[in-house]
Protein chains: 2
Amino acid sequence: MQAALATRRSVLEAAADLASVEGLDSVTIGRLAEMLDMSKSGVIGQFGTKEALQLETVELVFAAFRARVWDPVKRLPPGLPRLLAACEAWVKYAADPGYPGGCLLTQVTYDYDARSGPVHERLVEGRQLWRDVLRTDLEIAVDSGDLPSGTDVRAAIYGLESLAAFVTPARLLHGDDRAVEQALACMRRILDVAPARS
Amino acid sequence: MQAALATRRSVLEAAADLASVEGLDSVTIGRLAEMLDMSKSGVIGQFGTKEALQLETVELVFAAFRARVWDPVKRLPPGLPRLLAACEAWVKYAADPGYPGGCLLTQVTYDYDARSGPVHERLVEGRQLWRDVLRTDLEIAVDSGDLPSGTDVRAAIYGLESLAAFVTPARLLHGDDRAVEQALACMRRILDVAPARS
DNA sequence: CCTACCGATCGGTAGG
DNA sequence: CCTACCGATCGGTAGG
């Protein structure tokens with residue numbers, strides 16, 4: 001029983017590692033079996049089908065995002081303070097996600113945006129939740145006067161999502177080790193907040 | 001001879017259509033053959049190997065980007081005017097790329113950022129060329145006083161790339177039909193240029 | 001969790 | 001450009 005749970009976890013960890021580099025589609029049962037020195041039936045037996053394994057991998061991704069980005073900031077004062085802390089945690093997570101191929105949420109976002117099916121649906125749902133979190137703090141920040149009253153909240157959300165999602169390609173394609181600082185600087189410009197002192 | 005050229009083109013077009021939705025890896029010889037009502041050897045015979053077909057598809061992508069984004073603006077006055085026109089063409093191209101699954105350059109960027117091999121290498125090279133174009137106009141705009149002298153050129157490039165690359169997921173995941181306007185609004189904020197009148 | 005196996009599909013080749 | 005075929009790998013199942 002405990003052993004089966006440990007197996008599940010190790011399979012999911014291997015799947016996440018592989019998916020971060022080559023995408024969720026390249027996570028085949030045979031390759032996982034080889035990585036883990038298991039039989040194919042041992043790998044898939046825990047999940048039933050490859051699609052179920054993919055969906056559980058996506059759940060792992062959202063859980064990691066929540067643990068690394070939202071949980072550390074959620075008790076801060078709602079509005080601009082929490083929003084800025086969330087953006088910083090977000091961008092830093094994207095730069096150091098614990099997977100060899102970069103932030104898996106980013107990977108899945110661009111890989112499954114144009115497809116249909118349960119992974120796409122779950123992705124939309126998860127990202128929408130995060131959009132709602134951002135919107136809440138943006139609206140509070142506007143109402144409280146921390147952001148200008150003319151702020152375009154939807155455009156700001158779009159901008160924050162864009163800037164966080166480019167950390168991985170900037171680092172991996174161009175070796176851009178200042179991606180975190182550049183993303184945060186652009187975020188502050190979009191929010192019309194003065195640059196932080198370093 | 002002419003017929004062979006026409007076949008090449010139709011294979012590459014089908015490959016680009018398929019890749020835009022499911023990624024370059026899902027472009028298999030068998031699926032292309034089925035789409036085009038050809039034999040597998042007829043499809044691959046024009047290219048030799050699947051990797052060669054992938055690389056030619058990537059070339060098609062860069063050629064389309066050049067034709068739709070750079071060629072229409074390259075004769076405008078260098079500096080801020082050309083930069084803003086390029087950004088507009090860029091974002092509009094991303095929103096209407098002529099492929100069913102969205103901008104293929106964006107797709108390939110996020111799909112191959114973490115992998116090694118010739119597609120990755122070609123991608124880095126192509127994106128670097130575009131970065132250099134952006135940098136040139138940014139520096140001219142700063143030198144001429146159209147942009148503030150303290151402008152962080154590298155952060156601006158990062159921001160423009162990010163915002164252009166999020167058009168596709170914003171549209172496909174959230175049905176965001178204002179992605180173009182939101183991306184352009186954020187670009188102007190990053191550049192510290194007054195919003196355009198509508 | 002294993003071995004052994006299934007039909008389908010993969011990239012690619014031989015020969016025409 | 002075609003048919004016919006190759007070994008490898010795919011997702012998944014039977015039986016234990």
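Heavy-atom basis, side chains included; hydrogens, waters and symmetry copies ignored. Computed from a prediction, not measured in an experiment: that's the story for all the values here. Letters go in sequence order (proteins before strands), and every chain restarts at 1.
Contact annotation: Thr28(A) side-chain N/O to dC10(D) OP1/OP2 distance is under 4.0 Å.
In this structure, Lys50(B) places its NZ atom 12 Å from C1' of dG12(C), rounding to the nearest Å. Distance, Asp25(B) CG to dG11(C) C1': 13 Å, rounded to whole Å. Atom CE in Met38(B) sits roughly 11 Å away from atom P in dT3(D) (whole-Å rounding). For the pair Leu53(B) CG and dG12(C) C1', the computed distance is 13 Å after rounding to whole Å. We find that CD1 of Ile29(B) is positioned 18 Å from P of dC6(D), with the value rounded to whole Å. With rounding to whole Å, Glu51(A) atom CD is found 14 Å from dG12(D) atom C1'. Note: CG (Leu32(B)) to C1' (dG12(C)) measures 15 Å, nearest angstrom. Whole-Å rounding puts the Asp37(A) CG to dT3(C) P distance at 11 Å.
When the nearest nucleotides of DNA chain D are assigned to Gly42(B) and Arg31(A) by heavy-atom distance, the more 5′-ward of the two goes with Gly42(B).
A heavy-atom distance below 4.5 Å is found between the side chains of Trp70(B) and Arg82(B). Proximity of Trp130(A) to Val69(A): side-chain heavy atoms (C-beta onward) are separated by under 4.5 Å at one or more points.
Between Tyr110(B) and Tyr110(A), the ring planes lie parallel to each other; the angle is under 30°, not in the 30° to 60° tilted range.
Pairing for dC2(D) is with dG15(C), a Watson-Crick or G-U wobble pair whose two hydrogen-bonding atom distances lie under 3.5 Å. Nucleotide dC10(C) forms a Watson-Crick or G-U wobble pair with dG7(D), both donor-acceptor distances falling under 3.5 Å.
Residue Gly30(A) is in sugar-phosphate contact alone, with no base atom involved, counting any heavy-atom pair closer than 4.0 Å across all strands shown.
With respect to Arg131(A) and Asp176(B), a salt bridge is recorded, a charged nitrogen being found less than 4.0 Å from a carboxylate O. The pair Asp152(B)-Arg189(A) does not count as a salt bridge, with every side-chain nitrogen at least 4.0 angstrom from each carboxylate oxygen.
Among the nucleotides dG11(D), dC2(D), dC10(C), the one closest to any side-chain atom of Lys40(B) is dC10(C). Checking dT13(C), dC2(D), dT13(D) against every side-chain atom of Ile44(B), the shortest atom distance belongs to dT13(C).
In this model, no side-chain donor or acceptor of Ser41(A) finds a partner on the base of dT13(D) within 3.5 Å.
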